[in-house]
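Structure record follows, encoded as structure tokens.
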Amino acid sequence: MCYTWKKNMCAVIEMQIEQNMTIQEKLQILSDAAKYDAACTSSGISRKGKKGSIGNSLACGICHSFSADGRCISLLKILFTNECVFDCKYCINRASNDVRRAAFTPEEICNLTIEFYRRNYIEGLFLSSGILKNPNYTMDLLYQTLYKLRKEYHFMGYIHVKAIPGADEELIQRTGFLADRMSVNLELPTGDGLRRLAPHKTRKTILKPMKQIQVGITANKNEVAFYRATPKFVPAGQSTQMIIGATKENDYQIISVAEALYKSYSLKRVFYSAYVSVNSDAMLPALPDGPPLLREHRLYQADWLLRYYGFEASELLTPERPNFNVLLDPKCEWAVRHLECFPVEVNRAEYQTLLRVPGIGVKSARRIVQVRKSAKLDFEDLKRLGVVMKRAVYFITCMGRMCYQIKLEENSITHHLIHDDRKKLYELQEKESYQQMSLFDDYKLTVPPSVEDGRLSVSGEL
């Protein structure tokens, strides 16, 4: 029955692909269809050009551009096809949608990539695809494309390609020796979400190629170290993407999943894509305020803390407090909840301790550790070393003193960290924990403000 359904669906799908389309028309459709895939980033791999070949790949990454909605995108970023036999509720390219369908050939993608490169528009290719006919058929087309680019066109630029869940392991393996980075989209944070919105996909089929790529990368690194001439398998590592806001998972669940992926599958990046409402469906959430872009931003900040600052998901959030505050970045939020850890003396604190101070990043922490070997640091020195003082000043001391007389208390520090025009919103969200501060909140005041003081403050004369 499953085979019959797939066969019939494929017959319908094939009829939907428009014939005799120009390359320009295909490019317009398939580049637009790729804009919802966020898992596109700097290459992280260096490869020098070779005689007889064109292009190279620099660790600083492929060219970037910014779309109208502020997302960072990379050129050439396209789908092989926007045809798909799956009917995921959230996807613009789902089988039940009435949209223009197009598909490239491997030769067309090679020509596009080379011509864009020669015009200095791009330095690499990001290639994904809908599922045409079945996973194996689609993965084979992606492999053919990469093979032509590398072997026939001698293109040595950066290539990021999607591995198709459910495809044959041998196809994924061969493709991995042609690509710099591969990614398998997790789609949704939990298996329950997949069952509801993407019933043709399972967590098992998604995690299987992810594990295969991880094992392949590790084995290949060992072979390269031993034999040196062994071709490199996915040298820039693998990544994945989760859609945020299409299902009801909280932030604690999401970052816990990301943490598990980093630990179990050695991922380079987890990308978070704010859910964009492109389909009408009773199972999808209404978004009267648009995509949850600020939530996406907070998750990226938390993800950075997991990867580079030594934090764990359980430190940032808990089941009792499962979501990030929209007005405080996760590091500041953690700090004001753990004031027992502060202030930190920058001239003595260990590197890992410095990393937990808001306003001190990886680079500035390294600089502090290096410079203080030969000199005592003061607050002006910290500014020159790149410390963001407007956040750090509440949590550090230099030679035993703080920059200002600041009450080390949660309400007071939170009040200073949050921009004035957002205080009211913060009070509404956290009214049980924080209080709105008035114009006259000054711990040195001994006389309460008069009615006249209030009038003058409103008119701006005070």
Side-chain angles (χ1 to χ4, degrees), residues 38 69-72 186 188-190 193 240-263 267 269-276 285 287-342 355-362 388 390-392 394-395 410-411 413-436:
D69 62 358
R71 293 175 183 274
C72 187
L186 193 66
L188 296 166
T190 63
T240 192
Q241 174 180 336
M242 288 189 277
I243 300 171
I244 304 304
T247 45
K248 294 183 178 180
E249 294 88 4
N250 56 47
D251 294 343
Y252 178 62
Q253 290 175 293
I254 292 168
I255 63 168
S256 295
V257 169
E259 184 178 59
L261 290 172
Y262 285 127
K263 290 180 178 179
L267 264 65
R269 287 290 301 272
V270 174
F271 289 85
Y272 308 91
S273 179
Y275 167 66
V276 179
L287 294 175
D289 299 323
L293 295 176
L294 184 54
R295 185 186 183 195
E296 175 192 282
H297 179 60
R298 291 286 178 249
L299 288 168
Y300 273 118
Q301 289 177 318
D303 186 90
W304 205 264
L305 297 180
L306 295 179
R307 289 189 293 140
Y308 297 113
Y309 287 76
F311 282 87
E312 295 184 358
S314 58
E315 292 181 276
L316 299 173
L317 293 173
T318 64
E320 294 73 33
R321 194 159 187 168
N323 292 304
F324 291 114
N325 189 286
V326 295
L327 297 181
L328 273 182
D329 71 74
K331 195 176 182 183
C332 284
E333 188 177 7
W334 175 85
V336 297
R337 290 184 188 175
H338 295 84
L339 292 177
E340 70 277 4
C341 301
F342 302 100
L355 283 180
R356 295 192 166 226
V357 177
I360 297 181
V362 173
V388 182
K390 66 180 180 181
R391 291 200 292 272
Y394 309 108
F395 305 99
E410 188 172 355
N411 283 352
I413 294 177
T414 302
H415 164 70
H416 286 92
L417 286 170
I418 298 172
H419 196 271
D420 287 349
D421 62 359
R422 295 188 174 183
K423 289 177 185 175
K424 187 62 180 176
L425 178 57
Y426 193 82
E427 179 196 27
L428 293 174
Q429 290 189 328
E430 301 288 343
K431 56 187 176 183
E432 294 182 1
S433 301
Y434 302 99
Q435 300 173 0
Q436 179 71 27

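Note that the numbering runs from 1 along the sequence shown for the chain.
Scanning all heavy atoms of the two residues, the minimum distance from E333 to R337 falls at OE2-NH2, 2.6 Å. Across all non-hydrogen atoms, the minimal contact from L293 to A274 is CD2-CB, 3.8 Å. Heavy-atom minimum distance, V357 versus F342: CG2-CE2, 4.1 Å. Pairing each heavy atom of P292 with each of I244, the nearest pair is CG-O, 3.7 Å. Pairing each heavy atom of P358 with each of C332, the nearest pair is CB-SG, 3.7 Å. Smallest separation of non-hydrogen atoms from L317 and P322: CD1-O, 3.4 Å.
Of the possible donor and acceptor atoms, none in the side chain of E249 sits under 3.5 Å from a partner among the backbone N and O of P189. Using modelled atom types, one side-chain atom of R298 and one backbone atom of N325 make a donor-acceptor pair closer than 3.5 Å. One N or O on the side chain of Y262 and one on the backbone of V270 form a donor-acceptor pair closer than 3.5 Å. In this structure a side-chain-to-backbone donor-acceptor pair under 3.5 Å is present from K331 to L355.
By the 30° and 60° cut-offs, the orientation of the rings of Y394 relative to H416 is tilted.
Atoms CD and OH, from Q301 and Y309 in turn, are 10.5 Å apart once rounded to the nearest 0.5 Å. Y275 contributes atom OH, which lies 14.5 Å from atom CD of E296 (distance to the nearest 0.5 angstrom). Separation of atoms CD1 (I254) and OG1 (T247) is listed at 7.0 Å; rounding is to 0.5 Å. With rounding to the nearest 0.5 angstrom, the CG atom of D303 is 9.0 Å from the CD1 atom of I255. A distance of 6.0 Å separates CG in L299 from CZ in F324, rounded to the nearest 0.5 Å. Expressed to the nearest 0.5 Å, how far CG of D251 lies from CG of L316 amounts to 10.5 Å.
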Output, in order, the C-alpha distance, side-chain angles, deciding distance and verdict of side-chain contact (heavy atoms from CB on, under 4.5 Å) for V257 and L186. CA-CA 10 Å; V257 169; L186 193 66; 3.8 Å; yes
What verdict does the side-chain contact (heavy atoms from CB on, under 4.5 Å) test give for I360 and F395, after you've listed the backbone C-alpha separation in whole Å, the side-chain angles of each residue and the deciding distance to 0.1 Å? CA-CA 10 Å; I360 297 181; F395 305 99; over 6 Å; no
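Among residues two or more places apart in sequence or in another chain, the side chain to side chain contact (heavy atoms under 4.5 Å, CB included) test is passed with E315 by F311, E312, W334, R356.
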